[in-house]
**Q** 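Right, I'll just put the structure down here and ask away after.
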Amino acid sequence: DLTETSDSLMRAGATIDELNTVRKHLDTTKGGGLGLACRGRRARIGVVSDVIGDRLDIVSSGPFFGDRSTFAEATGVLDRYGVGNAPARAAIAAGAAGDRPENPRPNDPRLQPLRHEVLASNRTAVQAAADALRQEGIDRPLVRFDQQGEARGWGERLAADLRSGAEAVVLGGESVVSGITGDASGGPVQEAVLAAGLALRDLGGWLVVGLATDGIDGPTDAAGAALDAERLDRVPDAAGLLARHDSYRALERAGALVRKGPTGTNVNDVLVGLCLPGGIAR
């Protein structure tokens, strides 16, 4: 029930904050639940953050950290997107009615002996990508952190940066795809890569690479994609496929999908754009 509800919210375009607001009220280990299980003992928690801003109440749904959200807010998320199966809705409705206790708040004294340290985040991955570019002789890649919003806009932003003269661009953050219908398939990274490629289609000498750091971009078997002008030319209907959010099909036809399998961790997404030697007339 939790998986079905989470998948429905993701397909509807819910943000990570909204997703975790619901998860924290369906899973008793989240929203400080594991922290309460420590029963006042001292503990140090190492955090690998997949949340923009590294909010400890949102990362992994805050198993050791107090919850700022409520059952009423979780109900609002389900209503906003019109999703949530019957068991999940019943559980959250019971909490909103006062029949289940709210999660502990961040200032709950039972959680005070717990200490958190962020070990890695999306900024770690973005900085590593920028460092790799510098090692290849690109001295000043344009770096943008904490990118959010629709994946298509993310890709178009990268393309605009390359058109404006940047030799290389690295974007990091968390994007969403809203309005997926029918049998369309793809993830936010794939949509961003395809959108960037189409925005650069009239130019030559570019490469766009996007990866979900967990190795799984959306509900697909691909981590992301590596697209250039030659590959994009193999898909004459790419614009139509992007319009219906069918980026997986377009990139598969282009031979651009990157499949690596699960990495065992997650620090969001990284998108890299390169102007190749002699490419992109400015």
**Q** Where the side chain of K24 meets the backbone of D57, is there a donor-acceptor pair that is under 3.5 Å apart?
**A**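 Answer holds: yes.
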
**Q** If we ignore angles and hydrogens, is there a donor and acceptor under 3.5 Å between the side chains of D67 and S69?
**A**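 Per modelled atom types, D67 and S69 side chains form a pair under 3.5 Å.
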
**Q** Going through the distances and angles, do D50 and V59 end up as a side-chain contact (heavy atoms from CB on, under 4.5 Å)?
**A** CA-CA 6 Å; D50 64 344; V59 180; 4.1 Å; yes

**Q** Any side-chain heavy atom of D237 within less than 4.5 Å of one from R253?
**A**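 They are in contact (side-chain heavy atoms under 4.5 Å apart), so the answer is yes.
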
**Q** Using only atom types and a distance under 3.5 Å, with no angle test, would you say the side chain of R234 pairs donor to acceptor with the backbone of A254?
**A**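 Yes.
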
**Q** What distance separates E252 CD from L241 CG, expressed to the nearest 0.5 Å?
**A**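 So the gap between those two atoms works out to 11.5 Å.
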
**Q** Salt bridge (Lys or Arg N to Asp or Glu O under 4.0 Å), that's the test. Do D54 and R123 meet it? Break it down for me.
**A** CA-CA 10 Å; D54 303 336; R123 286 183 171 246; over 6 Å; no

**Q** Quick one: does any side-chain atom of H245 pair with a main-chain N or O of S178 as donor and acceptor, under 3.5 Å?
**A**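 A pair under 3.5 Å: yes.
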
**Q** Between N85 and A88, is there a donor-acceptor pair closer than 3.5 Å when you use the side chain of the first and the backbone of the second?
**A**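 Here the side-chain-to-backbone pair exists.
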
**Q** Do L232 and W206 have side chains that approach each other closer than 4.5 Å (heavy atoms only, starting at C-beta)?
**A**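 Yes, their side chains come closer than 4.5 Å.
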
**Q** Measure the spacing between CD1 of I180 and CE of M10 and express it to the nearest 0.5 Å.
**A**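 Result: 10.5 Å between the selected atoms.
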
**Q** Can you give me the closest heavy-atom contact between G155 and L271, atom names plus distance?
**A**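 Looks like CA-CD2, 4.3 Å.
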
**Q** Give the cluster check for L274 versus V209: same hydrophobic cluster or not, with ILVMFWY residues linked at side-chain heavy-atom distances below 4.5 Å.
**A**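 Yes, because L274 and V209 connect within a single hydrophobic cluster, where side-chain heavy atoms sit under 4.5 Å apart.
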
**Q** How far does CG of D27 sit from CG of D1, to the nearest 0.5 angstrom?
**A**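 Here the interatomic distance stands at 12.5 Å.
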
**Q** Taking C-beta and beyond as the side chain, do L194 and V208 meet within less than 4.5 Å on heavy atoms?
**A**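 Side chain of L194 against side chain of V208, heavy atoms only: no contact under 4.5 Å found.
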
**Q** When you compare the side chain of F65 with that of L111, does any pair of heavy atoms fall below 4.5 Å?
**A**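 SC-SC contact between L111 and F65 ruled out.
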
**Q** So how far is it from D99 CG to F71 CZ, rounded to the nearest 0.5 Å?
**A**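 That separation rounds to 10.0 Å.
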
**Q** If you compare all heavy atoms of R23 against all heavy atoms of S6, which two are closest, and at what distance to 0.1 Å?
**A**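 So the two residues come closest at NE-OG, 3.4 Å.
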
**Q** For L203 and R163, run side-chain contact (heavy atoms from CB on, under 4.5 Å): C-alpha distance rounded to whole Å, both residues' side-chain angles, the deciding distance at 0.1 Å, then the answer.
**A** CA-CA 9 Å; L203 303 174; R163 282 181 171 274; 3.7 Å; yes

**Q** May I ask you to test the R115-I45 pair for a side-chain heavy-atom distance under 4.5 Å?
**A**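 No - every pair of side-chain heavy atoms lies 4.5 Å or more apart.
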
**Q** In Å, rounded to the nearest 0.5 Å, how long is the span from CG of L162 to CZ of R157?
**A**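 Between L162 CG and R157 CZ, I get 13.0 Å after rounding to 0.5 Å.
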
**Q** Are V258 and V235 connected into the same hydrophobic cluster when the rule is that any two of I, L, V, M, F, W, Y join if their side-chain heavy atoms are below 4.5 Å apart?
**A**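 Looking at the clustering, V258 is in a separate group from V235.
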
**Q** Give me each pair satisfying side-chain hydrogen bond (donor to acceptor under 3.5 Å, both in side chains) with a member in residues 133-143, each pair once, sequence neighbours excluded.
**A**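 Qualifying pairs, neighbours excluded: D131-R134.
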
**Q** Looking only at heavy atoms, what is the nearest atom pair of V126 and G172, with distance?
**A**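 That would be CG2-CA, 3.5 Å.
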
**Q** State, yes or no, whether a side-chain contact exists between V170 and L142 at a heavy-atom distance under 4.5 Å.
**A**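 A side-chain contact under 4.5 Å is absent here.
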
**Q** Please output the side-chain donor-acceptor pairs of residues 32-42 that fall under 3.5 Å, not counting sequence neighbours, one pair per line with the distance.
**A**
| from | atom 1 | to | atom 2 | distance (Å) |
| --- | --- | --- | --- | --- |
| R41 | NH1 | C38 | O | 3.3 |

**Q** Which atom pairs, donor and acceptor, lie under 3.5 Å between side-chain atoms of residues 210-230 and protein residues at least two apart or in another chain?
**A**
| from | atom 1 | to | atom 2 | distance (Å) |
| --- | --- | --- | --- | --- |
| T213 | OG1 | N266 | OD1 | 3.3 |
| T213 | OG1 | V267 | N | 2.7 |
| T213 | OG1 | N268 | N | 3.3 |
| T213 | OG1 | N268 | O | 2.7 |
| D214 | OD1 | I216 | N | 3.0 |
| D217 | OD1 | V189 | N | 3.1 |
| D217 | OD2 | V189 | N | 3.3 |
| D217 | OD2 | Q190 | N | 2.9 |
| D217 | OD2 | Q190 | NE2 | 3.0 |
| T220 | OG1 | Q190 | NE2 | 3.0 |
| T220 | OG1 | D217 | O | 2.7 |
| T220 | OG1 | A222 | N | 3.2 |
| T220 | OG1 | A222 | O | 3.4 |
| D221 | OD1 | Y248 | OH | 2.8 |
| D221 | OD1 | R259 | NE | 3.4 |
| D221 | OD2 | R259 | NE | 3.2 |
| D228 | OD1 | E230 | N | 3.4 |
| D228 | OD1 | R231 | N | 2.9 |
| D228 | OD2 | R231 | NH1 | 3.1 |

**Q** Can you check whether V77 reaches L9 side chain to side chain, under 4.5 Å on heavy atoms?
**A**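 Yes, close enough: below the 4.5 Å cut-off.
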
**Q** Would you kindly say whether Q148 and S175 are connected by a side-chain donor-acceptor distance under 3.5 Å?
**A**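 Per modelled atom types, Q148 and S175 side chains form no pair under 3.5 Å.
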
**Q** Using side-chain heavy atoms (C-beta onward) and a distance below 4.5 Å, is V272 in contact with V169?
**A**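 Answer no - side chains too far apart.
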
**Q** Which pair of heavy atoms, one from H25 and one from E102, lies closest together, and at what distance?
**A**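 What the structure gives for the nearest pair is NE2-OE1, 3.6 Å.
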
**Q** Examine I138 and F145 and state if one hydrophobic cluster contains both, with Ile, Leu, Val, Met, Phe, Trp and Tyr joined whenever side-chain heavy atoms are less than 4.5 Å apart.
**A**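 In one cluster: yes.
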
**Q** Is any NZ, NE, NH1 or NH2 atom of the basic residue among R249 and D183 found under 4.0 Å from an Asp or Glu carboxylate oxygen of the other?
**A**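 Answer for the salt bridge query: yes.
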
**Q** Please walk me through it: do R89 and D79 pass salt bridge (Lys or Arg N to Asp or Glu O under 4.0 Å)?
**A** CA-CA 10 Å; R89 279 188 166 272; D79 290 344; 3.0 Å; yes

**Q** Atom CG in L200, atom CG in L158: separation rounded to 0.5 Å?
**A**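 That separation rounds to 7.5 Å.
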
**Q** Apply side-chain contact (heavy atoms from CB on, under 4.5 Å) to R80 and E18, showing your working.
**A** CA-CA 10 Å; R80 190 174 306 128; E18 292 171 324; 2.8 Å; yes

**Q** Identify the heavy atoms of R201 and P236 that sit nearest to each other, and give their distance.
**A**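 For R201 and P236, the tightest heavy-atom pair comes out as NH2-CA, 3.9 Å.
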
**Q** If I compare all heavy atoms of E73 with all of T21, which pair ends up nearest, and what's the gap?
**A**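 Shortest heavy-atom separation between E73 and T21 comes out as C-CG2, 4.0 Å.
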
**Q** Do L119 and F64 share a hydrophobic cluster, counting only Ile, Leu, Val, Met, Phe, Trp and Tyr and linking them when any side-chain heavy atoms are less than 4.5 Å apart?
**A**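 No, separate clusters.
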
**Q** Show your working on side-chain contact (heavy atoms from CB on, under 4.5 Å) between I58 and R68 and close with a plain yes or no.
**A** CA-CA 9 Å; I58 298 295; R68 294 184 175 92; over 6 Å; no

**Q** Counting N and O atoms only, with roles assigned by atom type, does the side chain of R100 sit under 3.5 Å from a partner on the main chain of A97, one being a donor and the other an acceptor?
**A**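 No, the answer is negative, given that no donor and acceptor are paired below the 3.5 Å cut-off.
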
**Q** Please answer: with hydrophobic residues joined when any side-chain heavy atoms are less than 4.5 Å apart, are I52 and V270 in the same cluster?
**A**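 In one cluster with I52: V270, no.
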
